[in-house]
Number of protein chains: 2
Amino acid sequence: MTRPLRPAPRSPRKPRPAVAAHKAPAKAAGTRSGKAAASKPYHHGDLRRVLVEAAFDLVAERGPETVSVREAARRAGVSPGAPFRHFESRDALMAAVAAEAQRRFRQEIATALAAVPADQPLRRFRALGLAYLRWAMRNPGHFEVISDGRLFDFDAAQGEASGLKADNAEIIDMSAQWLADASAKGLLRSADVKLMQIAGRALVYGYARMKADGHFPRWGVGEAEIEPMAEAVLDLFLAGIAKGDGPIKGRAPRA
Amino acid sequence: MTRPLRPAPRSPRKPRPAVAAHKAPAKAAGTRSGKAAASKPYHHGDLRRVLVEAAFDLVAERGPETVSVREAARRAGVSPGAPFRHFESRDALMAAVAAEAQRRFRQEIATALAAVPADQPLRRFRALGLAYLRWAMRNPGHFEVISDGRLFDFDAAQGEASGLKADNAEIIDMSAQWLADASAKGLLRSADVKLMQIAGRALVYGYARMKADGHFPRWGVGEAEIEPMAEAVLDLFLAGIAKGDGPIKGRAPRA
DNA sequence: ACGCGGTGTATGCGGCGATTACATTCGCGA
DNA sequence: TCGCGAATGTAATCGCCGCATACACCGCGT
């Protein structure tokens, strides 16, 4: 499942995919001369969104490194210079992709957490870690994108509200809160919450990157074992920081 | 400490760095084995090595993404096409850089382990993890290079003996052996050695990548705290998998 | 001594990110 | 309703890149 090493052999010459999708720029009714004419209007209507979607798909298909502004423009059916009306650089485009990926990631985590009672911090912590791992296992390209610190910094430097920074901070804060709660409830062996937070993060991040970076074959872990082992690794960690021997995933964390 | 986002603004126009280093300038004796003449010999003498060194330095200076074959050629004082006599592609060059980095990494680990008795498997395991973390903290670019699964696969696909694969496997085997020894000695809470091995690897790998990827500022960890916290994280992990409460780093691991 | 093969240079191709000049269209105020 | 500036598209261009090809040089084995 490894991707090509360099920016990509490009694609084998495409003739131009016409105009691509169009969101229905509304105003089909002629309030204001709307009409997205049948044959390629000069103005695209929602190019910014379409470019992000194209780049987003390219990330999933061939990995972040292979994404080029020109290819995204090709897929959107516009000239190579057009994207620069909406993104000051390739990295601005990629940062938008990262924001979208982070948004979906956050959504998936929220869904996973909905099933876990709020008063069981370690179970919530575990559910967070599991959702993190599962999403990263299944979206390695997008995981790479949201892990790129340079894109994050680029995005954060723009005053704009892309949500990337906020969505990321929310996840960090959640993990800190639950560990603190667990600690307050006397569920943890150590009192150094910050340390456990960083260690937990490093663990899931490392596991996810090992997958994305293609390290598991070297470690004798077959493709089918990766996800189950992710869960086992997470539970090993929880067993290491939790007081007592009971499994965290069980019903009652206190006895 | 973040690096530029894209392949690099290049360098701001360099006039050409002359010929670079050269081993033995003399050659006065006109016999066969002359290495170099005073003024730029047609044949470089040891271009392959010099190119790897140039790329190696570029990785340290500006990160792996910014390395270009042409820049390496410039630093070596040769034409842009010359490197392709020695490396079939940019990735072949980078794989050579990875092999060199891995070699140094392995050397540093060996040095660190020399001080730890062979009959104390957990202390050796800890020393390995610590050496791993320290090296990665201090050589983030080179750490990225040896972590690039595609370069590893590329190198492994070549029949050639670059040492990358062997050096890597050796480290993996060491960690497995010591955990197995520790397990046999009854030092571990769990019997699943493979799981602990993968978890330990994911932990240090994740921590190291968090550093290389610039994540620590987002987690409220200042530059000065990173290395001490690396050690603390490692010890948290060891405390989690080891039986009893005694610190691993201490003198006697059994009592 | 010679010539073959290894290693360098010169040149060129196509792709890339990015900039600039120009074309088209949207939408807002008079 | 018109008109004009701002927004957003195209075309052409620049310089850098990886890489291929043809040619120049030269060390070494015969």
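Chain letters run A, B, ... following the sequence lines, proteins first and then strands; every chain starts at 1. Excluded from the calculations below are hydrogen atoms, water molecules and symmetry mates; all remaining heavy atoms, backbone and side chain alike, are included. All values derive from a computational prediction rather than experimental measurement.
Using a 4.0 Å cut-off between charged side-chain N and carboxylate O, Glu227(B) and Arg138(B) make a salt bridge. Using a cutoff of 4.0 Å between basic side-chain nitrogens and carboxylate oxygens, Arg209(A) and Asp213(B) are scored as salt-bridged.
In this structure, Arg70(A) places its CZ atom 13 Å from P of dA11(D), rounding to the nearest Å. Rounded to whole Å, atom P of dT21(D) lies 14 Å from atom CD of Glu88(B). In this structure, Glu71(A) places its CD atom 15 Å from C1' of dG14(C), rounding to the nearest Å. Rounded to whole Å, atom P of dA18(C) lies 12 Å from atom CE of Met94(A). dA7(D) atom P lies 14 Å from atom CZ of Arg48(A), rounded to whole Å. A straight line from CZ of Phe154(B) to P of dG18(D) spans 14 Å, rounded to a whole angstrom. In this structure, the CG atom of Leu51(A) is 14 Å from the P atom of dA18(C), given to the nearest Å.
Shown here are the ring pair (Phe, Tyr, Trp, His ring centres under 6.0 Å) partners of His215(B), two or more places apart in sequence or in another chain: Tyr205(A). Residues passing the side-chain contact (heavy atoms from CB on, under 4.5 Å) test with Gln107(A), sequence neighbours excluded: Thr111(A).
The side chain of Ala82(B) approaches dT9(C) more closely than any other nucleotide in the set dT9(C), dT10(D), dG17(C). Checked against dT9(C), dT10(D), dT19(C), the side chain of Phe84(A) finds its nearest nucleotide in dT19(C). The nucleotide whose nearest atom lies closest to any side-chain atom of Val69(B) is, among dT10(D), dT8(D), dG18(D), dG18(D). Proximity note for Arg90(A) (side chain, C-beta onward) versus dG18(D), dT7(C), dG17(C): the nearest is dG17(C). Considering only side-chain atoms of Ser68(B), the nucleotide from dT7(C), dT13(D), dG18(D) that sits closest is dG18(D). The side chain of Arg74(A) has dG15(C) as its nearest neighbour among dG15(C), dT9(C), dT19(C).
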